[in-house]
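Report on the structure given below.
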Amino acid sequence: MVSWRPTITCVPRSLPALPAALPAALLCLALAACDGGVHGTPGGSGVRDPYFPKAGNGGYDVGHYGLTLAYDPDGGRLTGTAVITARATRDLSAFDLDLRGLHLDEVTVEGRGARWNRAGQELTVRPHDDLDRGETFTTTVRYSGRPETITDPDGSEEGWLPTADGALGLGEPVGSMAWFPGDHHPSDKASYDITVTVPAGLQAVSNGELKSETTRNGRTTTVWHTAEPMASYVATVAVGHYTISRSTTPDGLPVYTAVDPTQAAAADRVLARIPEIMAWETYNFGPYPFSSTGAIVDRPADSGYALETQNRPVFPGAPDTATLVHELAHQWYGDSVTPRTWRDMWLNEGFATYAEWLWAEDHGGPTAQQTFDKVYRSPADSDLWAFPPAEPSSAADISDRPVYDRGAMVLQKIRQKVGDDTFYDIVQGWAAAHRHGNADTAAFTAYVEKKAPGEDFSAVWKDWLYGDGRPARP
Ligand code: TRP
Ligand code: ZN
C-alpha cells in the first residue's frame, strides 16, 4: 500500500470538500486551480527561544544582509534599505522579519511588490509567489523614521542610542531590530555589507573591514564589509566624531580603532595593548576567527555597558585592561561560537570572565583558583547564587552575576579536574569545533566529557552548572 501525504494547504473555496479516497489525478487538478500553485504555509513568528520567544523567525535562513543607511543626528532620522538574501527551509506562503518602530516604505520579494502587515515586532511579508523549500530569495525593505531605544527586560537600554554627537546601534539581546529588519536571533548568522551615510565631518564606524569612504555634497558615505558569519546582536553602527587609528598586529591583522576625542587621553594608552592582548588570547584560545580587530570608544554616558560587537567592541569611555580582555575574548566565545539560544549566555559570559581571571593569573595578579576562592566566599544569600548559570530565572537575568562569575567558576571546576594541558585543549578545541557557528550547553558538556574520557563530571554539572544555590564545596 502506498502511503502518501500531500502538502496541499490551499484548496480553492469553490471546490467541494475532497473525499478521502480522491484519485491522485483529480488532486493534481485541484492543485492547479490554486492560484500560482500555492503550497506553502507561513514561516512563524519566532524560533521558540526560551527567554525571547518572538525573537527570530521560522522557515528561512539568512545568508547575507546588505544594509544601506543614512542618519542625520540633528533630526534623529534614519533612512534604510535592507536587502536580505535568505534560503527557505520549507515551502512558504509568508514569512516574518523582526522590526521595532520605524515607518515602512516598501517591501519587495524577488523584485516584486509584496504585501505585508505589522503586529508588535513581527513584520509579516506575503510574497507575490510562494517560496519553495531550498529556494534562495531576496527581500528588500525600505524604511525610515526615528529609531527606538529599547529597554530590555533587565532595564538596560539598547537598540538605537542617540549620543552626544551621533548615535550607537547596539543589539544585545534584541536591540538590532530597532535599526534594521531581520531574523534577529543568535541562531541565524549571516555576512553583512553595511553602508552608512552621515553629514560630512562625522564618521560612521561598523563591523568588519572598511571598504571605502567618500564625501560628496556635504555627506560622507562609509562602506563596511563583514565576510564571516555574524549574529545580529553583535552588529553595530557608531556615528559621531571619532579619532581613527589604523595599524596591523605583528601577525598582520588589521586594527581599526575609533575613539571619541574627549576619551583619547585614557583610551589611547589601553587600546595600545590590543596587539598584546590579541596575541595572548590567540595563544590561549586558538586562531582568531575574524579578519580585523579594534575598538570603538564613545563617551561614558553614551551606553550603560560595553558590548562585544564583532571585530570591534564598543566601550562607554576608556575601558580598563580587564574589560578590554573580556570583550576581545568574546570574539572567540560569543561572536564566533555563538549561543544557540539566550539560555546559553553563560557560554559567552563565563568564558569572557574566565579570560579576565586567566589574564590576571598570567600578569602577576591572583591565580584563577585564588579568584575562584574569593568569589566562592560570597555569602549564601549573595546574588551570585541566585540561579544556576545554565538556567537563568528569566529574560531579566541573562546578564546577571551567576551567568558571568558562576559561569567562570564552572570552567575553573573543569580545570581542577583535568589539569592545564587538557583544559587549554578543551577551550581551544571548543572554539575550533564551533567556529563561526552556534552551540548550546549540552554540546559543551558532551565536548568536555569527550576530551576527558576518564573523568566523571556529573557532580560539576549538577552542582555548578545546573544546581540551585551555593554548592557545598568549592
Ligand atoms: N554582554 C556585555 C558584556 O559582557 C554586557 C551587556 C550587554 C550587558 N548588555 C547588557 C550587561 C545588559 C548588563 C545588561 O560585555
Ligand atoms: Zn561579556
Side-chain angles (χ1 to χ4, degrees), residues 51-52 55 149-161 168-179 184-186 207 230-236 238 270 274 277 281 285 293-298 300-339 341-360 371 375 383-384 386-387 389 392-411 427 431:
Y51 295 84
F52 295 89
T149 300
I150 294 171
T151 302
D152 273 349
D154 67 12
S156 61
E157 292 196 328
E158 60 182 82
W160 196 257
L161 308 176
L168 261 179
L170 294 181
E172 188 179 45
V174 289
S176 296
M177 64 183 76
W179 55 282
H184 289 297
H185 188 264
N207 312 93
M230 178 162 77
S232 71
Y233 79 90
V234 286
T236 191
V270 63
I274 288 176
I277 296 169
E281 295 193 341
F285 307 148
T293 185
I296 298 168
V297 179
D298 241 319
D302 289 340
S303 111
Y305 49 85
L307 186 63
E308 62 267 29
T309 45
Q310 192 155 306
N311 306 91
R312 51 190 61 77
V314 167
F315 300 95
D320 55 20
T321 307
T323 305
L324 185 56
V325 166
H326 178 113
E327 303 306 337
L328 291 175
H330 271 308
Q331 303 298 313
W332 283 258
Y333 307 106
D335 295 31
S336 172
V337 182
T338 303
T341 76
W342 288 113
R343 175 159 48 209
D344 305 309
M345 261 292 261
W346 82 275
L347 290 171
N348 287 10
E349 303 305 345
F351 271 86
T353 302
Y354 198 76
E356 295 179 54
W357 296 10
L358 277 180
W359 174 270
T371 306
V375 173
D383 287 351
L384 175 67
F387 57 84
S393 348
S394 76
D397 299 318
I398 63 164
S399 288
D400 285 1
R401 245 192 110 193
V403 174
Y404 284 70
D405 290 351
R406 207 174 145 185
M409 294 176 102
V410 171
L411 296 176
V427 294

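Just so you know, ligand 1 is whichever comes first in the structure, and atom 1 is the first atom listed for that ligand. Note that the coordinates shown come from a computational prediction; the quantities given were computed from them, not determined experimentally.
- Using modelled atom types, one finds a donor on one side chain and an acceptor on the other under 3.5 Å when comparing His184 with Ser232.
- Not a single heavy atom of Ala352 sits under 4.0 Å from any atom of ligand 1.
- Between the Zn ion (ligand 2) and the N, O or S atoms of Glu349, the shortest distance is to OE1.
- More than 12 heavy atoms of other residues, nucleotides or ligands sit less than 6.0 Å from atom CG of Asp154.
- Listed for the Glu327 side chain is a donor-acceptor partner under 3.5 Å among the backbone atoms of Glu308.
- Not a single N or O atom of Ser156, backbone or side chain, sits closer than 3.5 Å to an N or O atom of ligand 1.
- Nearest protein heavy-atom neighbour of atom 13 (C) of ligand 1: Ser399 CB, 3.5 Å.
- Distance from atom 1 (N) of ligand 1 to its nearest protein heavy atom, with residue and atom name: Glu172 OE1, 2.7 Å.
- A donor-acceptor pair under 3.5 Å links the side-chain atoms of Thr338 to the main chain of Asp335, judged by distance alone.
- Using a 4.5 Å heavy-atom cutoff, the side chains of Val427 and Trp332 are not in contact.
- Distances between N or O atoms of Glu308 and those of ligand 1 include at least one value under 3.5 Å.
- Close N/O approach between Asp154 and ligand 1 is not found [any backbone or side-chain N/O within under 3.5 Å].
- Considering backbone and side-chain N/O atoms, His326 comes within less than 3.5 Å of an N/O atom of ligand 1.
- Residue-to-ligand polar distances keep Asp152 apart from ligand 1: every N/O pair is separated by 3.5 Å or more.
- Heavy-atom contacts of Glu327 reach the following atoms of ligand 1: 3 (C), 15 (O) (cutoff under 4.0 Å).
- The structure places CZ of Arg312 at 7.5 Å from CG of Asn207, a figure rounded to the nearest 0.5 Å.
- The CD atom of Glu172 lies 6.5 Å from the CG atom of Asn348; values are rounded to the nearest 0.5 Å.
- At the top of the distance list for atom 4 (O) of ligand 1, counting protein heavy atoms only, stands Tyr404 OH, 2.8 Å.
- Angle NE2(His326) to the Zn ion (ligand 2) to NE2(His330), rounded to 10°: 100°.
- Ring geometry for Trp342 against Tyr233 counts as perpendicular: the plane angle is over 60°, on a 0 to 90° scale with 30° as the lower cut.
- The shortest distance between side-chain heavy atoms of Leu347 and Val337 does not fall below 4.5 Å.
- Heavy atoms of His330 approach ligand 1 to within less than 4.0 angstrom.
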